[in-house]
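These notes are about the structure you will find just below.
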Amino acid sequence: MTAGTTALLEVEGVSKGFPGVQALADVQLELRHGEVLALVGENGAGKSTLMKLLAGIYTPDAGTFRLNGRELAIEGPRHAQELGISIIHQEFNLMPDLTVAQNIFIGREHRQAGLFLDDRALNRRAQELFDRLGLALDPAERVEQLTVARQQMVEIAKALSFDAKVLIMDEPTAALNDAEVDVLFELIERFRTPETGVIYISHRMEELARISDRISVLRDGRYVGTRVTAETAPSEIISLMVGREISGEQRPAPRQPEGEPVLSVRGLTTRHLLRDVSFDVHAGEILGFAGLMGAGRTEVARAIVGADRRESGEIRVRGRAVAISSPAEAAGLGIGYLSEDRKQLGVLLERSVRENIVLSSLRDYASRSGFVRDGRIEATGREYVEKLRIKTPSTAQLVRNLSGGNQQKVVIAKWLVKDCDVLIFDEPTRGIDVGAKEEIYALLRRLADEGKAIVMISSELPEVLRLSDRIAVMAEGRLTAVLDNAEATQENLMDYATRFSSEGTIAR
Amino acid sequence: MSPTTTKPETGSTGGSTPSTSAYAAIEAGKPRFAWLRGSLQQLLAFASLIVIVAVFSFASPHFFTANNLVSILTAATVTGILALGTTFVIITGGIDLSIGTGMVLCGVMAGVFLTYLGWPLWLGVTATILFGALIGLINGVNVSVLGIPPFIATLGMMLIAAGLSLVISGTKPIYFTETPDFQSIMNLSIIPGMRFPLGVAIFIVMIIVAAVLLSKTILGRYTFSIGSNEAATALSGVNVRRWKITIYTLAGLFVGLAGVLSASRLSSAQPTGGMGLELEAIAAVVIGGTSLQGGKGSIVGTVIGALIMAVLTNGLRIISVPQEWQSVAVGIVILVAVYLDMLRRRRG
């Protein structure tokens with residue numbers, strides 16, 4: 001390999017344990033000069049812990065870090081930055097009430113007489129930085145006012161303002177659209193010199209192919225291996241991550257929708273986005289919704305369940321026209337909407353599994369006088385924990401302590417208890433690791449086989465193809481195609497997803 | 001939540017350079033006049049103050065007189081100084097419930113230093129102010145080192161201070177018999193031919209000091225930063241613990257000063273009372289547009305808030321509204337002020 005030359009950053013034999021968990025065990029990593037090294041692994045594989053060690057937020061129990069061959073003890077976040085290790089965390093670390101420049105130089109302000117600040121000089125320094133990086137940002141603007149993408153740019157500018165040698169990015173594209181991803185990659189390319197290197201953490205295989213030179217894999221807190229990106233198929237990386245092969249090319253067997261549709265939507269139109277959206281969903285089928293960001297998929301779901309106002313359009317449930325004006329009414333008619341934002345809108349993190357499961361149906365679990373029947377709640381909780389194979393020590397466990405996949409199952413259980421026939425899943429596997437995704441897929445399939453009608457909105461084309469019996473494609477608030485799975489390919493789905501009504505307009 | 005991105009074809013383009021449209025996408029939606037929105041709340045609060053003053057001026061000829069305006073300022077002084085200090089704490093996202101009884105305890109300590117121990121005036125006053133800082137320091141340590149939530153930490157301190165005032169004074173007022181000049185700290189008239197007390201001048205100086213501290217110094221910057229996102233501030237290498245202790249200690253200094261002024265005003269240290277004063281100060285801060293969630297606020301707002309409270313109390317008394325109803329009116333003002341503030345934020 002690279003005998004003789006020292007690497008930019010070396011991690012050797014690093015371990016870190018927390019009470020009850022060995023987060024990292026004897027992990028190694030080598031970042032070479034001038035390279036982008038992708039770091040991948042399922043949720044809980046130890047990527048974040050490794051990051052936090054490098055950021056100086058945690059101290060390792062064992063092991064060494066070397067920067068250009070010199071051993072380091074990283075004493076804190078500030079020290080890491082001074083050493084030339086800059087980190088862009090997954091959650092934004094910005095102060096919304098402060099300006100862009102104030103955010104970038106927080107903790108490093110020039111003080112006069114030890115106390116006073118000069119914001120004008122601060123803005124000037126920030127402007128110089130932006131000019132150097134080719135970023136169009138206003139130093140004096142408050143961060144609160146910025147779009148998510150621009151906030152991300154502030155984060156990056158902040159990281160690069162420390163004359164960084166090593167830049168570590170944790171899922172930097174999670175909130176960006178394609179144009180913004182291009183800008184980000186351009187910045188990375190510009191940052192990459194023979195003296196610097198980037199550790200890039202991401203789940204998105206296609207991004208890794210574009211940006212990374214090598215890919216290192218962690219699994220269960222251990223180092224699994226490193227591959228040269230250009231010589232490696234994504235499926236090999238995935239199998240390294242999960243420790244088993246996952247076949248990405250499965251497709252559901254073709255089936256004929258039977259009988260009357262359970263949910264029938266005609267001419268659905270909203271004030272701002274949706275135009276004349278019509279489709280049917282039958283019992284036993286999964287209808288996938290594909291489309292670009294902002295195409296209106298989530299809005300369709302929200303308009304159906306009455307979370308957003310409809311301008312016009314007709315909704316029929318089992319052939320009967322209904323007027324739904326709130327999600328509660330939708331649920332009463334057997335339509336459940338499982339939001340993409342699970343933590344905010346799906347579960348009560350601080351309450352138990354069983355409470356969450358019966359939450360929507362609590363009235364059925366209370367006596368006439370309003371007392372809650374704990375025994376029945378426990379029985380139902382246990383029933384669904386078994387049925388959906390929710391991994392939890394007991395039904396009394398707080399949902400916070402469950403993994404993303406199991407939290408999602410709790411949400412699903414909630415709607416099943418409510419006895420919904422139509423389940424609308426919005427990004428059902430977002431934030432869920434690869435292994436657990438398979439389980440969610442299997443569960444969705446089983447629910448369909450049991451006779452539920454399922455609408456699944458997903459931004460991952462392979463997921464849509466893998467699961468949907470039929471696929472509806474949206475662009476700019478319109479339905480541009482409804483395809484049988486057999487006729488759908490990633491290519492033609494993307495083609496329909498970019499059928500804009502007029503040239504030059506991009507869906508916003 | 002923001003909608004989601006579907007990835008286009010994988011790895012189709014190798015070294016794609018960002019087109020100008022890519023930059024344009026990121027540049028889009030930059031709001032103008034952000035500065036205007038920031039001062040709107042103060043404008044709003046200021047406008048309300050003007051309206052209230054105008055209404056009372058019409059209602060009674062005794063309201064808009066130099067003497068009465070000075071007495072409004074005098075009435076606002078003690079609560080106002082407490083509110084100034086606690087503005088810093090509230091902007092960090094914290095709260096300080098101990099400022100009312102802490103102030104009373106500081107007054108008692110002034111009595112101890114000056115009357116019981118017979119210290120000279122300057123030393124006793126300085127020691128009293130530093131004693132206030134000590135209360136704040138303990139609050140700060142409890143909050144930021146021990147990690148006790150601010151509400152609980154300062155609730156505890158509120159009760160401790162209330163009790164200690166009674167214990168130390170033996171439940172009796174302490175008179176400043178050794179230092180007759182003590183009462184002039186608040187009451188000395190500094191403008192010839194007019195009753196303009198020194199205490200009000202001190203209040204005005206403290207307003208300027210607080211405003212400069214909050215807007216021009218590193219302390220103020222970190223006050224906003226901590227309230228805006230404490231974890232991120234810490235990750236940026238700022239010693240958040242130390243700054244929080246500093247901020248609570250600063251609030252304590254204001255409490256000490258308020259203790260001196262209130263005791264001076266009465267020429268005696270009254271060991272009872274003080275409870276409820278913290279809520280008046282917090283109300284002033286909140287009316288002034290400072291968010292209890294932290295990250296937002298201003299000294300100008302707090303001053304206007306304190307004045308609104310003082311004007312209301314004074315004006316309602318002048319037009320002979322019974323005292324019971326004055327409290328109702330103040331309560332309504334607080335609700336309306338905070339509701340308007342929420343409306344403004346939602347629209348923003």
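Letters A, B, ... are given to chains in the order of the sequence lines, protein chains preceding strands, and every chain is numbered from 1. Note that this is a predicted model, so its numbers are computed, not measured. These values consider heavy atoms only, across backbone and side chains, with no hydrogens, waters or symmetry-generated copies.
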- Message: What I want to find out is whether B:K216 reaches A:D118 closely enough, with some N-O distance under 4.0 Å, to be called a salt bridge.
- Response: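 Salt bridge absent between B:K216 and A:D118.
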With a 4.5 Å heavy-atom cut-off, do [X] and [Y] have their side chains touching?
X      : Y      : value
A:K158 : B:S236 : yes
B:E230 : A:M95  : no
B:R221 : A:L122 : yes

- Task: Please list, in residue-number order, every residue in residues 242-251 of chain B that has a heavy atom less than 4.5 Å from any heavy atom of chain A; write 'none' if there are none.
- Result: B:W243
Can you say whether [X] sits under 4.5 Å from chain B via the side chain, the backbone, both, or neither, judging by heavy atoms?
X      : value
A:L115 : both
A:D426 : neither
A:H89  : side chain
A:Q112 : neither

- Counting distance only, does the side-chain N/O of B:N229 pair as donor-acceptor with the main-chain N or O of A:L94 below 3.5 Å?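 Such a contact is found between B:N229 side chain and A:L94 backbone.
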- Query: Any donor-acceptor pair under 3.5 Å linking the side chain of B:T217 with the backbone of A:F116?
  - Reply: no
- Message: Quick check for you: among B:G294, B:G237, B:A231, B:G227, which has the greatest number of heavy-atom pairs under 4.5 Å with chain A?
- Response: B:G237
- Item | Most chain A-contacting option - heavy-atom pairs closer than 4.5 Å, from B:S215, B:G220, B:S228 |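 Counting heavy-atom pairs under 4.5 Å, the top option is B:S228.
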- Query: Where do B:Y222 and A:R108 come nearest, in terms of heavy atoms and distance?
  - Reply: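 Closest approach of B:Y222 to A:R108: OH-N, 4.3 Å.
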- Heavy-atom closest pair, residues A:P77 and B:A234: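 Of all heavy-atom pairs spanning A:P77 and B:A234, the closest is CG-O, 4.2 Å.
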- Excluding sequence neighbours, so at least two apart, what forms ring pair (Phe, Tyr, Trp, His ring centres under 6.0 Å) with A:F289? A:F279
- When rounded to the nearest 0.5 angstrom, what distance separates CG in A:D97 from OG in B:S225? 9.5 Å
- Straight-line distance of B:I218 CD1 to A:H110 NE2, nearest 0.5 Å: 11.0 Å
- Task: For a side-chain contact (heavy atoms from CB on, under 4.5 Å) with B:L235, tell me which candidate from A:I87, A:I106, A:N93 qualifies.
- Result: A:N93
- Message: Below 4.5 Å, heavy-atom pairs only: which of A:S339, A:G56, A:G107 has the largest tally toward chain B?
- Response: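 Most heavy-atom pairs under 4.5 Å with chain B: A:G107.
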